[in-house]
Novice: 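Handing you a structure now.
This one's a predicted model, so the numbers in the text were calculated from it and none came from an experiment.
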Amino acid sequence: ETQVDLTGPDEDELRQIARIDMRDRNGIQEVDVDVEDTPSFFGLRFGSRDELRLDVRCPPGADVRVRTGSANTRGRGRFSALTVESGSGDVSFDDVEGDATLKVASGDVSLRDVGGAATINTASGDVSVQRVGGDAQVRSASGDVSIREAGAGVSANTASGDIQID
């Protein structure tokens with residue numbers, strides 16, 4: 001069973017600005033969370049969504065697809081596959097049995113164990129992969145890249161940063 005909790009400092013405002021949809025699509029549980037953006041006045045924002053916390057508890061082995069504008073993303077436990085698209089924020093996951101595909105504009109990426117292939121693109125941020133069972137392809141415009149153990153081919157590029165492959 002999948003459970004979703006969204007919490008923040010102002011629960012009344014949160015009920016007004018957040019929408020959580022959970023649906024079963026051909027036996028796959030989907031969770032969609034949408035939080036309205038803070039209004040701005042000439043580019044200045046009043047109020048903040050920095051203190052929102054979304055907790056999704058799902059069965060072990062679930063496929064995970066995350067798309068955020070600005071948020072840190074943390075996955076604890078074992079997942080079947082991982083796809084992340086993030087504008088800004090750090091991304092960290094424990095165990096992915098299959099492939100992991102990440103596109104992060106600004107933020108650090110940390111993966112402990114990827115059983116399949118890992119494809120990671122980041123404009124700004126460090127990338128750390130402890131183990132990847134398949135091919136690893138990492139591109140970073142600005143940031144360090146570290147891959148401790150790879151079971152197949154490795155391609156790592158960074159315009160500004162260090163590359164370490166053990």
Side-chain angles (χ1 to χ4, degrees), residues 2-8 20 28-35 37-38 40 43 45 48-166:
T2 301
Q3 299 175 0
V4 178
D5 294 315
L6 182 63
T7 57
I20 300 174
I28 297 173
Q29 193 88 65
E30 289 187 353
V31 178
D32 185 23
V33 179
D34 185 32
V35 179
D37 198 7
T38 306
S40 66
R45 295 201 180 278
S48 173
R49 304 288 184 250
D50 290 342
E51 297 180 30
L52 296 182
R53 179 181 174 100
L54 174 66
D55 290 313
V56 179
R57 286 174 297 288
C58 56
D63 285 358
V64 176
R65 287 185 308 243
V66 177
R67 192 173 73 200
T68 68
S70 178
N72 290 335
T73 304
R74 171 82 173 105
R76 294 186 197 121
R78 182 176 47 87
F79 304 95
S80 179
L82 174 65
T83 303
V84 175
E85 293 180 31
S86 176
S88 68
D90 295 342
V91 177
S92 176
F93 274 80
D94 289 343
D95 300 325
V96 180
E97 294 173 336
D99 295 342
T101 303
L102 295 90
K103 294 179 184 176
V104 179
S106 177
D108 294 340
V109 173
S110 176
L111 300 175
R112 185 171 69 190
D113 188 10
V114 178
T119 304
I120 303 167
N121 292 296
T122 180
S124 175
D126 295 338
V127 175
S128 173
V129 180
Q130 294 299 310
R131 188 193 83 80
V132 58
D135 290 332
Q137 182 177 22
V138 179
R139 291 188 185 129
S140 177
S142 176
D144 296 340
V145 174
S146 172
I147 300 172
R148 302 263 317 185
E149 178 184 337
V154 174
S155 171
N157 298 302
T158 182
S160 175
D162 296 329
I163 296 175
Q164 179 179 349
I165 300 171
D166 293 333

Novice: Using only heavy-atom distances, determine whether the side chains of S146 and S128 contain a donor-acceptor pair under 3.5 Å.
Specialist: no
Novice: Return the CZ to CZ distance between R76 and R57, rounded to the nearest 0.5 Å.
Specialist: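 Here the interatomic distance stands at 11.0 Å.
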Novice: How far apart are the closest heavy atoms of S80 and G61, and which atoms are they?
Specialist: CB-O, 2.9 Å
Novice: For A156 and V145, work out which heavy atoms get closest and say how close.
Specialist: CB-CG1, 4.1 Å
Novice: For R67, which residues count as a salt bridge (charged side-chain N to carboxylate O under 4.0 Å, His left out) partner, sequence neighbours excluded?
Specialist: none
Novice: With sequence neighbours left out, what residues match T83 under side chain to side chain contact (heavy atoms under 4.5 Å, CB included)?
Specialist: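 Only R65 meet the side chain to side chain contact (heavy atoms under 4.5 Å, CB included) criterion with T83.
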Novice: Taking all non-hydrogen atoms of both residues into account, name the closest pair between A159 and A141 and its distance.
Specialist: CB-O, 3.1 Å
Novice: Can you check whether V66 reaches V91 side chain to side chain, under 4.5 Å on heavy atoms?
Specialist: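 They are not in contact (no side-chain heavy atoms under 4.5 Å apart), so the answer is no.
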Novice: With distance as the sole test, does S124 use its side chain to make a donor-acceptor pair with the main-chain N or O of S106 at under 3.5 Å?
Specialist: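 No; zero donor-acceptor contacts below 3.5 Å.
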Novice: Going by ring pair (Phe, Tyr, Trp, His ring centres under 6.0 Å), name the pairs with one or both residues in residues 80-121, residues two or more places apart or in two chains.
Specialist: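 Those involving residues 80-121 are F79-F93.
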Novice: Using the rule side-chain contact (heavy atoms from CB on, under 4.5 Å), only one of T158, D126, I163 pairs with D144; which is it?
Specialist: D126
Novice: Looking at A123 and A105, what are the two nearest heavy atoms and their distance?
Specialist: CB-O, 3.1 Å
Novice: Which residues pass the side chain to side chain donor-acceptor pair (under 3.5 Å) test with T101, not counting sequence neighbours?
Specialist: none
Novice: Applying salt bridge (charged side-chain N to carboxylate O under 4.0 Å, His left out) as the test, list every pair that has at least one member in residues 78-91; sequence neighbours left out.
Specialist: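 Sorted result for residues 78-91: R78-E97.
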Novice: List for me each residue that meets side chain to side chain donor-acceptor pair (under 3.5 Å) alongside R148, sequence neighbours excluded, and say none if there are none.
Specialist: none
Novice: Can you name the residues that form a side chain to side chain donor-acceptor pair (under 3.5 Å) with S88, not counting sequence neighbours?
Specialist: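 So S88 forms a side chain to side chain donor-acceptor pair (under 3.5 Å) with S70.
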Novice: Holding to salt bridge (charged side-chain N to carboxylate O under 4.0 Å, His left out), I want the full list of residues that pass it with D94, two or more places apart in sequence or in another chain.
Specialist: R74
Novice: Could you name each residue pair satisfying ring pair (Phe, Tyr, Trp, His ring centres under 6.0 Å) that touches residues 101-147, not counting sequence neighbours?
Specialist: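 Found none.
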Novice: I'd like a table of donor-acceptor pairs (distance under 3.5 Å, sequence neighbours excluded) in which one partner is a side-chain atom from residues 112-121, with atom names and distances.
Specialist:
{"from": "R112", "atom 1": "NE", "to": "D95", "atom 2": "OD1", "distance (Å)": "3.2"}
{"from": "R112", "atom 1": "NH2", "to": "D95", "atom 2": "OD1", "distance (Å)": "3.2"}
{"from": "R112", "atom 1": "NH2", "to": "D95", "atom 2": "OD2", "distance (Å)": "2.9"}
{"from": "D113", "atom 1": "OD1", "to": "R131", "atom 2": "NE", "distance (Å)": "2.6"}
{"from": "D113", "atom 1": "OD1", "to": "R131", "atom 2": "NH2", "distance (Å)": "2.9"}

Novice: Would you please name every residue forming a side chain to side chain donor-acceptor pair (under 3.5 Å) with D162, sequence neighbours left out?
Specialist: none
Novice: Once side chain to side chain contact (heavy atoms under 4.5 Å, CB included) is applied, do any residues pair with V56, and if so which ones, sequence neighbours excluded?
Specialist: T2, V4, L54
Novice: Mind listing the closest non-hydrogen atom pair of C58 and A62 along with its distance?
Specialist: SG-CB, 3.8 Å
Novice: Between T68, L82, V104, which is the residue that forms a side-chain contact (heavy atoms from CB on, under 4.5 Å) with T73?
Specialist: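 Per the side-chain contact (heavy atoms from CB on, under 4.5 Å) rule, the option paired with T73 is T68, out of T68, L82, V104.
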Novice: Please find the pair of heavy atoms, one from A100 and one from L111, that lie closest to each other, and give the distance.
Specialist: CB-CD1, 4.2 Å
